[in-house]
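We're numbering straight along the sequence, starting at 1.
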Amino acid sequence: GEQPCPWEGPFYEIEEHLAKSCPYEPVKCPAAGCTESVMRKDLPGHEGSCPEAQIECSAGCGEKVRRRSMAEHRDACGKEEVECPCPGCE
C-alpha cells in the first residue's frame with residue numbers, strides 16, 4: 001500500500017505543507033470541466049491523460065483543444081496529413 005507522508009514539522013507549518021507540497025493531499029485537477037481529485041503526487045499522470053485537459057492540436061494547426069475532442073477537431077481542422085487513396089500514386 002501507500003506509504004504515509006514522511007513530513008514532520010512544527011504544527012504552525014502543517015497548513016502550508018498540506019496546501020502546497022504534501023504529495024498525499026488530494027488536489028483537484030486544474031482542467032476546466034474535470035471533477036477528478038487525485039493525490040498531488042499523481043496529478044502529473046492524471047493531467048497526461050485527462051480527457052478535459054487542453055492540448056495542442058496533434059495535426060499542427062496550433063489550436064488548443066480538449067483531449068476528448070481531438071479526433072473530432074483533427075477531422076475538421078484540415079491540417080492532418082493524409083495519403084492519396086489511389087493505388088500507385090506517389
Side-chain angles (χ1 to χ4, degrees):
E2 292 283 345
Q3 296 295 314
C5 179
W7 183 86
E8 286 185 20
F11 177 75
Y12 68 88
E13 289 181 2
I14 188 69
E15 283 187 34
E16 183 173 353
H17 169 70
L18 291 174
K20 296 182 179 175
S21 63
C22 179
Y24 297 93
E25 180 70 359
V27 293
K28 187 175 177 337
C29 174
C34 184
T35 58
E36 292 285 321
S37 284
V38 296
M39 284 188 265
R40 182 175 278 114
K41 69 181 187 64
D42 297 330
L43 187 58
H46 170 76
E47 288 178 312
S49 62
C50 176
E52 300 298 329
Q54 295 275 325
I55 58 173
E56 198 165 305
C57 172
S58 55
C61 79
E63 192 171 328
K64 292 225 178 226
V65 181
R66 281 195 169 123
R67 182 176 278 113
R68 68 178 165 82
S69 303
M70 185 58 69
E72 224 173 86
H73 169 78
R74 285 177 62 139
D75 289 345
C77 88
K79 287 280 189 174
E80 184 171 16
E81 291 193 16
V82 295
E83 292 181 7
C84 179
C86 298
C89 181
E90 296 196 22

Checklist line | SG-CD distance between C22 and E15, expressed to the nearest 0.5 angstrom | finding: 13.5 Å
Next item on the list: Any chance you could measure K64, atom NZ, to R66, atom CZ, to the nearest 0.5 Å?
Entry: 13.5 Å
Heavy-atom closest pair, residues [X] and [Y]:
X: M70; Y: E56; value: CE-O, 3.6 Å
X: G62; Y: C57; value: N-CB, 4.3 Å
X: C29; Y: L43; value: CA-CD1, 4.2 Å
X: V38; Y: D42; value: CG2-C, 4.1 Å

Check: When hydrophobic residues are tied together by side-chain contacts of less than 4.5 Å, even through go-betweens, does Y24 share a cluster with W7?
Finding: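 Hydrophobic grouping puts Y24 apart from W7.
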Item checked: Exam field: side chain K28 to backbone C34, donor-acceptor pair closer than 3.5 Å -> yes
Checklist line | R74 side-chain N/O to K79 backbone N/O, donor-acceptor pair under 3.5 Å | finding: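 The answer is no, because no donor-acceptor pair under 3.5 Å joins these two groups.
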Next item on the list: Could you check if a side-chain atom of C5 sits within less than 4.5 angstrom of a side-chain atom of E25, using non-hydrogen atoms only?
Entry: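 Result no, sub-4.5 Å side-chain heavy-atom pair not found.
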Item checked: Full working for side-chain contact (heavy atoms from CB on, under 4.5 Å) between R67 and E52 -> CA-CA 6 Å; R67 182 176 278 113; E52 300 298 329; over 6 Å; no
Next item on the list: Check whether more than 12 heavy atoms from other residues, nucleotides or ligands sit under 6.0 Å from atom CD of E16, and answer yes or no.
Entry: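 Open: at most 12 neighbouring heavy atoms sit under 6.0 Å from CD of E16.
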Note to self: Take a 6.0 Å sphere around CD of E13 and say whether it holds more than 12 heavy atoms from other residues, nucleotides or ligands.
What the structure shows: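 Yes, CD of E13 has more than 12 neighbouring heavy atoms, counting only those of other groups under 6.0 Å.
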Notebook entry, point to check: Picking from E36, M39, R40, what satisfies side-chain contact (heavy atoms from CB on, under 4.5 Å) with V27?
Noted result: R40
